[in-house]
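Contents: one structure, followed by commentary.
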Amino acid sequence: MPAVRAVRAASAVLLTGALLSACGGAGGATGGEPELGPIEVNPATAALSLPMDAYTDTEAERIRMGQVQQTLVSRCMARYGFAYEGVRAAEPSAAGAPDDRHRYLFGLADPQFAAVHGYDKSADGATPPKPAAPQLSDSAYVVMNGEQRGAQGGKPLDAPTEEEAAQLDSGLTAAGQKVPAGGCGREGYRKLYAPTRDSVDLLFAFGLASEAHERTKQDSRVAGALRKWSACMDKSGYSGIDTPYDVVEKLGLENERGGPRAVTAAKADVACKREVNLVGIWAAAEKAYQQRLVEEHAETLALYKKQREERFKLAASLV
């Protein structure tokens, strides 16, 4: 699959979810609602295993790939005489359960977390604050970004893959060498995620998972469980809330996500989820819709998985 087709495929995937919602149903050309497998009772999100997990990174893998990308950028900058360490991602906190990739997929679901932190996601330590980017001299800026600082006239010359970028002339030089198209920042990305013309877009797997999730929101079984959850929340004193994603906004908790009001609401939210087994039903639907998309896109996903394994090999070689 040419890179441009992969990019278009990923974009189409992301758009499909919106179109499904606009059309009022998740069935259509996909053959209606899929059969659900076993429905677990109030499963812990950390224990969930979904079909798309085989194609997406854990938090630890994501951080490792970020470090590898920074290493590639640093090596590129070194070719032009610049020492550049970049922004190093912090290691995930062990207390933050970084491998619980589905922690907030269905809204807050952990009763212990809710009772202590409410809706304050920062309290889990899984997303450390991003360090500030290092300051660059004007000449280093050119090499990093492939354009002069303050340049006018649109984005710098770039290419979707490293193979294609090798055919471009940025028109810039440093230390007697041509600056790569898009600068070292883009070169580091392309070498890791898009080295050849057949590279599948990095967002392809994420797009499929997102589409599956959008489809579940239209599923009659999930919709039924959401209505029951909403009714339970109403009985708990929180009326007019249709989905778990609306709680913070509807209750005006944006600036006090970990405060007493938020903790009280979060406890009711999670208790209602458990009363109607919302996570169990929704997770079963998530599995079914993801599996359908995995089967529909088997060829592209096989290539994506192979290229992902090659990225891990590259990462190992840079240790």
Using a 3.5 Å distance criterion without hydrogens, assess whether the side chain of [X] forms a donor-acceptor pair with backbone atoms of [Y].
X	Y	value
Asn42	Gly280	no
Ser170	Gly146	no
Gln290	Ala212	no
Gln307	Asp198	yes
Ser230	Arg227	no

Contact between [X] and [Y] at the side-chain level, heavy atoms closer than 4.5 Å - yes or no?
X	Y	answer
Leu72	Leu318	yes
Tyr189	Leu202	yes
Arg75	Lys191	no
Pro244	Leu108	no
Tyr80	Cys184	yes
Thr45	Leu105	no

Could you list all the salt bridge (charged side-chain N to carboxylate O under 4.0 Å, His left out) pairs where at least one residue sits in [range], not counting sequence neighbours?
range	answer
residues 43-55	Asp53-Arg101
residues 41-51	none
residues 253-269	Glu256-Arg261, Asp269-Lys273

Test: [X] and [Y] ion pair at under 4.0 Å:
X	Y	answer
Glu59	Arg103	no
Arg215	Glu211	yes
Glu275	Lys235	no
Glu214	Lys217	yes

Same cluster or not: [X] versus [Y], using hydrophobic residues (I, L, V, M, F, W, Y) connected whenever any side-chain heavy atoms lie under 4.5 Å apart?
X	Y	value
Leu36	Trp229	no
Met233	Leu226	yes
Phe106	Ile39	no
Val222	Leu50	yes
Leu48	Leu278	yes

Straight-line distance of [X] [atom1] to [Y] [atom2], nearest 0.5 Å:
X	Y	atom1	atom2	value
Cys232	Arg274	SG	CZ	12.5 Å
Glu85	Thr71	CD	OG1	8.5 Å
Leu192	Gln69	CG	CD	6.0 Å
Lys313	Arg308	NZ	CZ	13.5 Å
Phe82	Leu136	CZ	CG	9.0 Å
Met77	Ser74	CE	OG	8.5 Å

Closest heavy-atom pair and its distance - Leu301, Leu293: CD1-O, 4.5 Å

Which heavy atom in Pro160 sits nearest to a heavy atom in Ala194, and how many Å separate them?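 Shortest heavy-atom contact: O-CB, 3.3 Å.
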
Going by salt bridge (Lys or Arg N to Asp or Glu O under 4.0 Å), name the residues that satisfy it together with [X], two or more places apart in sequence or in a different chain.
X	value
Lys228	none
Glu286	none
Asp158	Arg186, Arg190

The criterion is side-chain contact (heavy atoms from CB on, under 4.5 Å); which residues satisfy it with [X], sequence neighbours excluded?
X	value
Thr173	Lys178
Asp246	Ile241, Asp242, Thr243, Lys250
Pro156	Glu147

Residues forming a side chain to side chain donor-acceptor pair (under 3.5 Å) with Ser137, sequence neighbours excluded: Ser139

For the residue pair Phe204 and His297, does the interplanar ring angle fall in the parallel (under 30°), tilted (30 to 60°) or perpendicular (over 60°) class?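 If you compare the ring of Phe204 with that of His297, the planes turn out perpendicular.
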
Tyr238/Val247 under side chain to side chain contact (heavy atoms under 4.5 Å, CB included): CA gap, chis, key distance, verdict: CA-CA 9 Å; Tyr238 303 103; Val247 179; over 6 Å; no

Would Arg64 and Asp57 satisfy salt bridge (Lys or Arg N to Asp or Glu O under 4.0 Å), going step by step from the backbone distance to the final call? CA-CA 10 Å; Arg64 175 60 183 142; Asp57 292 346; over 6 Å; no

State whether the number of non-hydrogen atoms from other residues, nucleotides or ligands found under 6.0 Å of Asp169 atom CG is greater than 12.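 Above 12, so yes.
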
Under the ring pair (Phe, Tyr, Trp, His ring centres under 6.0 Å) rule, what pairs show up with a residue in residues 35-75, not counting sequence neighbours? none

Go through the steps for Arg311 and Leu314 under the test side chain to side chain contact (heavy atoms under 4.5 Å, CB included), then give the verdict. CA-CA 5 Å; Arg311 288 197 287 273; Leu314 174 60; 5.5 Å; no

Suppose clustering is done on Ile, Leu, Val, Met, Phe, Trp and Tyr with side-chain heavy atoms closer than 4.5 Å. Which residues sit in the same group as Leu157?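 Leu168, all in the cluster of Leu157.
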
How far apart are the C-alpha atoms of Tyr289 and Glu33, what are their side-chain angles, what is the distance that settles it, and do they pass the side chain to side chain contact (heavy atoms under 4.5 Å, CB included) test? CA-CA 8 Å; Tyr289 283 100; Glu33 294 184 347; 3.6 Å; yes

